[in-house]
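Here is the structure we will look at, set down as structure tokens.
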Amino acid sequence: MHEQDIRLGELCGRPGSLNGTAVINTQTDMDAQLLTDAEQSGMEVITLELSETKAVTQQLPKKQGTIEVGTASVIGSRKSQQDSVFGYESQGRALGIVCDGMGGLAGGEIASRAALESIADAWFAQKDIPDIPSFFRREAVRADKKVYRQEREDGSRLEAGTTIVAVAVRDDELYWLSVGDSRLYFIRGTDILSLNIEHNYRLELNTLLREGKLTAQEYAAQEYQAEALISYLGIGNLSLMDVSAKPYLLADGDIMLLTSDGLYRSLKEDEILEIVLKHKKDMQRAAQALTAAVKGRKKQDNTSVVILQYHSG
């Protein structure tokens, strides 16, 4: 059982903490055309479930609140900015997206922008989205295809990709999507928790080790590859994503932090938490303080954040 599973179970089971069943999965109700495409390509959709976490029955009615949004991005020591970020709020609903592109100077930038625009355009094209988890699954597959089909000026395939972490807030409900290793942090009070699983080779190594298919020595010999991504938008046959199957009910003051890996590879979780809590009355200042904390460091990656805070009244 992952340390993450244990911590999520503790948070869900604590009075005044996160309500809802903690489940991460990838396949239910994909629309007919996309499901046909998946079957024809032999795509295997993987489901990950935090099956041992505690469930808290959701009995509270939906409450429309307000969401405050902040965004910030710094280039770091890289030659180009390959992250793309988006934050939007209106009438108690919000959408936040962070994409971290990869694939050379222009390639990563094009990939992250294409993915972000694909998801955001689909969101605003619909007046109402009754089933947000299905929306995220469907649009992740579409964004994957869009990124995969990007071309260079000579017509050859761009061969670029991007991670994505996205959240949607509707009334007092939180939904999320992630592919790759960008993170979604959830902050309630003085607790901070990374909600999503990173789709890198370490995930496979840990699974093989738990199942007894890999010895500790074999694990150590392959650990140098642990950060390599095993899923991202642009892979061409997306089969691994995290989507919240059910909404998390938000409480007043809850904070959601979306970030590219440039932040969490430079700052520890307690440092991130300290900065956010220091600026919890102003999400834009919180976002800027987070990126300022890593600015100027040697070999600093692009770092981008979107931070949202829910207010119930």
When you measure from the side chain of [X] to the backbone of [Y], do you find a donor-acceptor pair of N or O atoms at a distance under 3.5 Å?
X	Y	answer
Gln309	Gly253	yes
Gln288	Ala72	no
Ser118	Ala114	no
Arg157	Glu151	no
Asp301	Gly76	no
Ser156	Arg152	no
Asp254	Tyr310	no
Ser231	Val179	no

Applying a strict under-4.5 Å side-chain criterion to I, L, V, M, F, W and Y, I'd like to know whether [X] and [Y] cluster together.
X	Y	answer
Ile75	Val294	no
Leu193	Leu174	yes
Leu158	Leu238	no
Tyr175	Leu233	yes

Salt bridge or not between [X] and [Y]? Use side-chain N to carboxylate O under 4.0 Å.
X	Y	answer
Asp181	Arg265	yes
Lys246	Glu173	no
Arg93	Asp128	yes
Glu271	Lys268	no

Measuring from atom [atom1] of [X] to atom [atom2] of [Y], what distance do you get when rounded to the nearest 0.5 angstrom?
X	Y	atom1	atom2	answer
Ile110	Thr162	CD1	OG1	12.0 Å
Thr207	Leu203	OG1	CG	5.0 Å
Ile255	Asp191	CD1	CG	12.0 Å
Ile97	Leu116	CD1	CG	4.5 Å
Asp261	Asn200	CG	CG	10.0 Å
Leu240	Ile235	CG	CD1	8.5 Å

Heavy-atom neighbours of [X] [atom1] exceed 12 at 6.0 Å:
X	atom1	answer
Arg202	CZ	yes
Lys280	NZ	no
Glu89	CD	yes
Gln126	CD	yes
Phe124	CZ	yes
Phe135	CZ	yes

Starting from the C-alpha separation in whole Å, work towards a yes-or-no answer on side chain to side chain contact (heavy atoms under 4.5 Å, CB included) for Arg183 and Glu198.
CA-CA 8 Å; Arg183 283 189 185 174; Glu198 295 173 37; 2.5 Å; yes
Are the side chains of [X] and [Y] in touch, meaning some heavy atoms are under 4.5 Å apart?
X	Y	result
Tyr219	Asn206	yes
Val141	Lys145	yes
Leu229	Met102	yes
Asn196	Ser194	yes
Gln222	Leu214	yes
Met241	Ile164	no
Ile272	Thr259	no
Glu68	Gln284	no

Considering non-hydrogen atoms only, spot the tightest contact between [X] and [Y] and give its length.
X	Y	value
Tyr148	Gly236	CD1-CA, 3.4 Å
Val306	Gly96	CG1-CA, 4.2 Å
Thr163	Ser182	OG1-OG, 2.7 Å
Met256	Val169	SD-CG2, 4.0 Å
Ser312	Asp252	N-OD1, 2.9 Å
Met283	Leu308	SD-C, 4.4 Å

Looking only at side-chain N and O atoms, does [Y] offer a donor or acceptor that is under 3.5 Å from a partner on [X]?
X	Y	value
Ser80	Glu109	no
Ser304	Ser73	yes
Ser260	Asp83	yes

Run the ring pair (Phe, Tyr, Trp, His ring centres under 6.0 Å) test against Tyr201 and tell me which residues pass, sequence neighbours left out.
none
Aromatic contact between Phe136 and Trp176, with the criterion being ring centroids under 6.0 Å apart: yes or no?
no
Is the centre of the Tyr264 ring less than 6.0 Å from the centre of the Tyr185 ring?
no
Which residue is it: Ile192, Val305, Ile307? I am looking for the one with a side-chain contact (heavy atoms from CB on, under 4.5 Å) to Val276.
Ile307
